[in-house]
Colleague: 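Okay, handing you the structure first.
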Amino acid sequence: MENANISTDAAGTDTIDASPIPSETSPNANRSTTPSSEGFKAYIGSGWAERTDALPIAREQAAFAAARRATLSARFTGQRLIVPAGSPKQRSNDTDYPFRAHSAFAHLTGWGADSEPEAVLVFEPTAAGHDATLYFRERAGRDSEEFYHNPAIGEFWIGARPSLAQVAADLGLATHGIAGLEGVYAAVDASTLVLREADPAVTDRVDSARLRFAAEAALSTNASDSPFSIEVGSEHEPDALLAEVVSEMRLVKDSYEIAQMRLAVNATERGFNDVIADFPRISAHPRGERIVDGVFYTRARLDGNALGYDTIAASGPHATILHWTRNDGPVRPGELMLLDAGVEVDSLYTADVTRTLPINGTFSPVQRMIYEAVLDAADAALAIVKPGIVFREVHAAAMAVIAARTAEWGLLPVSAEEALLPDNQHHRRYMVHGTSHHLGIDVHDCAQARRDMYMDGVIEEGMVFTIEPGLYFQSDDETVPAEFRGIGVRIEDDILVTADGAENLSVGIPRTASAVEAWVQAGGWS
C-alpha cells in the first residue's frame with residue numbers, strides 16, 4: 001500500500017500534508033516518491049475527459065430523514081445544532097478502519113455506507129425553525145494537487161467522489177463545502193449544541209467557541225452575567241440532552257427503517273445457511289471458528305455493508321463466554337456452536353440473531369433439554385409483547401421460565417419463586433445478561449435514551465428489539481451436574497411490535513430443536 005505524507009499536529013491529530021514536498025515530521029516522509037516537478041504537475045493535471053455530473057433523484061430515505069430533522073428542529077427551537085459524521089479511526093500508522101458514519105448523523109441525513117468522512121450536519125435556527133445544511137469536503141478538480149497527492153480524499157487514490165450538487169439532489173438537503181464550517185464555528189453561542197461523541201475534533205472546536213463566547217459576554221458586561229462557563233473537553237449537560245433526544249427518536253421505527261431491518265434479517269439468514277453448508281470444512285480445521293467468522297463476513301459484504309457487530313462464533317465451552325469474539329477454536333462434532341451474528345445493510349441498519357447449532361446435526365439429550373428450556377423462555381417473552389406493556393416485563397417473562405427450569409433441575413439453593421425475589425436472583429448465575437435490547441441502526445440502538453423511555457418505557461407499535469434468553473454452564477461450575485458443564489445456549493430473535501402484538505422478523509431461521517437438527521443435517525451433514 002502506498003503512503004500519504006502524514007504529520008501530527010500539536011493537538012495530536014493526524015493530518016494529511018497535501019504539499020508535493022513531504023514534511024520532515026511525517027512518519028513516512030522518507031518513503032514518499034511523489035514527484036514535485038512543475039512538469040509533472042502540469043502533465044498530471046491535464047488531458048482528462050470532461051466530466052458530466054448527472055444529478056440523481058432523491059434516494060428513498062431522503063423524505064424520511066427530512067421528517068426526522070423536522071422533529072429534531074421542533075425540539076430545539078432557536079438553538080444551533082451540530083451533528084458530525086465522524087472521522088476515520090486509525091488502525092495502525094497510516095492505516096484506518098473502514099469508515100462508518102455516526103448513527104445519529106446517518107439517521108438524520110439518510111446517508112449510509114456512502115457517507116463522506118468529516119461531514120457535518122448543521123441546524124441553523126431561523127424564525128420558522130431551522131435551515132439544515134450538510135458540510136463536507138468538496139471534490140477537488142483534477143488540476144489540483146489533492147487529486148493525486150492526498151490518499152485520504154484524492155480521487156486518484158480512493159475513486160470518484162460526489163459533488164456538492166449531487167449529494168444535495170441525492171439527500172434532498174442543502175450542501176456546502178467544508179470551508180463553510182469556519183463561519184459556523186464563528187457564530188457559535190451559548191445555546192449551540194454538538195453531538196459530542198461523534199467527532200472529538202468538532203467537539204473541541206465547538207467547546208472553544210462556546211468558551212470564547214462566554215468569556216466575551218463576561219468581559220462586555222459582568223462575570224455574573226455570563227451565560228455559562230465550560231472547560232474545553234469537559235462534559236456539557238445541554239449536549240447530553242441532544243444525544244438523549246436523537247437516541248430516543250429512534251425508539252419507534254418508521255416504515256423505511258422496518259423495511260431495511262427485514263432486508264438485514266434476510267441477509268443474515270443467508271449467512272447462517274452459508275455457515276451450515278460449510279460445516280464439514282469448518283469441523284476439519286483446528287481453528288474452525290475462524291472459518292465460521294469468515295464465511296459469515298463474506299455474506300455480510302456480498303449482501304450489505306459489513307457486519308453489524310463482531311461475530312460470536314463460539315463452539316463447545318466457548319459458548320459459555322457471552323462475548324466470545326476471538327473465534328480461534330475448533331468446531332467439533334458432538335458439541336454445540338453458538339453463532340451470534342448480524343448483517344448491516346448499506347443503509348446501516350443491522351440484524352442481530354443467535355442460533356445454537358448441534359455441529360453433527362443432532363442434540364444430545366442434555367443439550368436438547370437445555371436448548372428447549374431456553375426456547376420456552378424466548379417463547380414466553382414473545383407471547384406477552386404488545387403495545388402498552390412495559391419493556392422490562394419482557395425480561396421478567398423470560399426469567400420466570402429460566403428460574404423454573406434451573407430449580408426443576410436442582411441447581412438452585414432456593415425455590416424458583418424465592419429465586420425471583422429482587423434480593424435473591426440465584427438463577428441469574430446461569431444468565432447474567434438481559435433478555436432484550438432495542439435494535440436498528442445500532443445493534444444496541446437508542447442506548448442513550450432515558451431509563452423511563454427504555455427499560456421502564458411503554459412498548460409502542462413500530463419498536464424493534466431482540467429477545468435473547470440463554471443458559472450458560474461454565475466448564476468449572478460445580479453447582480451444576482458434570483454433563484451440563486461446558487454447554488452454552490442462546491436463542492435470539494428480532495421482534496417488531498405490531499398494532500396488536502408482535503412479529504418475529506427472524507422466524508424464518510429455524511428455532512425449534514427438531515427444526516434446527518433438520519436444518520443442519522440438510523445443509524452440512526447428512
Colleague: Mind telling me whether Y430 and F473 have parallel, tilted or perpendicular rings, with 30° and 60° as the class edges?
Modeller: tilted
Colleague: Strictly distance-based, threshold 3.5 Å: is any side-chain N or O of N424 a donor or acceptor partner for the main-chain N or O of E418?
Modeller: yes
Colleague: Distance from R59 atom CZ to W111 atom CH2, nearest 0.5 Å?
Modeller: 8.0 Å
Colleague: Run the numbers on L412 and H427 for side-chain contact (heavy atoms from CB on, under 4.5 Å), then give the verdict.
Modeller: CA-CA 7 Å; L412 306 183; H427 57 292; 4.3 Å; yes
Colleague: How close do K253 and C446 get, counting heavy atoms only, and between which atoms?
Modeller: NZ-SG, 4.1 Å
Colleague: Can you name the closest pair of heavy atoms from P469 and A378 and give their distance?
Modeller: CG-N, 3.5 Å
Colleague: Rounded at 0.5 Å granularity, tell me how far CE in M431 sits from CG in L322.
Modeller: 9.5 Å
Colleague: Let me confirm one number: the CG-CD1 distance from D199 to I82, rounded to the nearest 0.5 Å.
Modeller: 11.0 Å
Colleague: Using the test side-chain contact (heavy atoms from CB on, under 4.5 Å), find all partners of P117 that sit at least two apart in sequence or belong to another chain.
Modeller: P88, F99
Colleague: Any carboxylate oxygen within less than 4.0 angstrom of a Lys/Arg side-chain nitrogen, looking at R75 and E244?
Modeller: no
Colleague: Compare all side-chain heavy atoms of V245 with those of M249 and state whether any distance is below 4.5 angstrom.
Modeller: yes
Colleague: Do T268 and T350 make a side-chain contact, defined as non-hydrogen atoms from C-beta onward lying under 4.5 Å apart?
Modeller: no
Colleague: Just verifying a value: how many Å separate H102 NE2 and I441 CD1, rounded to the nearest 0.5 Å?
Modeller: 10.0 Å
Colleague: Is a donor on one side and an acceptor on the other found under 3.5 Å between the side chain of E517 and the backbone of P358?
Modeller: no
Colleague: Hey, are R355 and D493 close enough for a salt bridge, meaning a charged N less than 4.0 Å from a carboxylate O?
Modeller: yes
Colleague: With a 4.0 Å cut-off, would you call D476 and R485 a salt bridge?
Modeller: no
Colleague: Can you see which heavy atom on H395 is nearest to which on T435, and at what distance?
Modeller: ND1-OG1, 2.7 Å
Colleague: With a 4.5 Å limit on heavy-atom distance, are the side chains of Q260 and Q61 in contact?
Modeller: no
Colleague: Can you confirm whether F279 sits close enough to M337 that some side-chain heavy atom of one is under 4.5 Å from a side-chain heavy atom of the other?
Modeller: yes
Colleague: Are side-chain N/O atoms of Y472 and D477 paired as donor and acceptor at under 3.5 Å?
Modeller: no
Colleague: Taking the side chain as everything from C-beta on, heavy atoms only, tell me whether S247 gets closer than 4.5 Å to H107.
Modeller: no
Colleague: For residues T466 and D352, is any side-chain donor paired with an opposing acceptor at under 3.5 Å?
Modeller: no
Colleague: Would you kindly say whether E468 and H437 are connected by a side-chain donor-acceptor distance under 3.5 Å?
Modeller: yes
Colleague: Is any side-chain heavy atom of R262 closer than 4.5 Å to one of E503?
Modeller: yes
Colleague: With no hydrogens and no angle check, just 3.5 Å: does a side-chain donor-acceptor pair link S506 and N504?
Modeller: yes
Colleague: For the NE2 atom on H444, are there more than 12 heavy atoms of other groups (residues, nucleotides or ligands in this structure) within a distance under 6.0 Å?
Modeller: yes
Colleague: With sequence neighbours excluded, give me every ring pair (Phe, Tyr, Trp, His ring centres under 6.0 Å) pair touching residues 400-422.
Modeller: W409-F484
Colleague: Between Y454 and H438 (side chain of the first, backbone of the second, donor and acceptor by atom type, cut-off under 3.5 Å), is there such a pair?
Modeller: yes
Colleague: Apply the test salt bridge (charged side-chain N to carboxylate O under 4.0 Å, His left out) to residues D456 and R392: give CA-CA distance (whole Å), side-chain angles for both, the deciding distance (0.1 Å), then the verdict.
Modeller: CA-CA 6 Å; D456 296 329; R392 56 181 156 76; 2.8 Å; yes
Colleague: Examine the side chains of Y256 and E60 and answer whether a donor and an acceptor come within less than 3.5 Å of each other.
Modeller: no
Colleague: Between atom CG of D303 and atom CG of N266, what is the distance when rounded to the nearest 0.5 Å?
Modeller: 9.5 Å
Colleague: Please lay out, stage by stage, how D96 and Q90 fare under the test side-chain contact (heavy atoms from CB on, under 4.5 Å).
Modeller: CA-CA 4 Å; D96 293 330; Q90 185 186 49; 4.0 Å; yes
Colleague: My understanding is that only one of L339, I312, N327 makes a side chain to side chain contact (heavy atoms under 4.5 Å, CB included) with V292; could you say which?
Modeller: L339
Colleague: Would you give the length of the straight line joining atom CG of D239 to atom CG of L195, rounded to the nearest 0.5 angstrom?
Modeller: 8.5 Å
Colleague: Apply side-chain contact (heavy atoms from CB on, under 4.5 Å) to residues L242 and F76 and explain how you reach the verdict.
Modeller: CA-CA 9 Å; L242 174 61; F76 292 96; 3.9 Å; yes
Colleague: Mark yes when over 12 heavy atoms from residues, nucleotides or ligands other than R326 sit less than 6.0 Å from its CZ; otherwise mark no.
Modeller: no
Colleague: Show the numbers, then the answer: is there a side-chain contact (heavy atoms from CB on, under 4.5 Å) between F465 and D445?
Modeller: CA-CA 9 Å; F465 50 78; D445 210 21; over 6 Å; no
Colleague: I want to check something: taking the side chain as every heavy atom from C-beta on, are T325 and Y309 in contact at a cut-off of under 4.5 Å?
Modeller: no
Colleague: Does some side-chain heavy atom of R196 sit less than 4.5 Å from a side-chain heavy atom of D207?
Modeller: yes
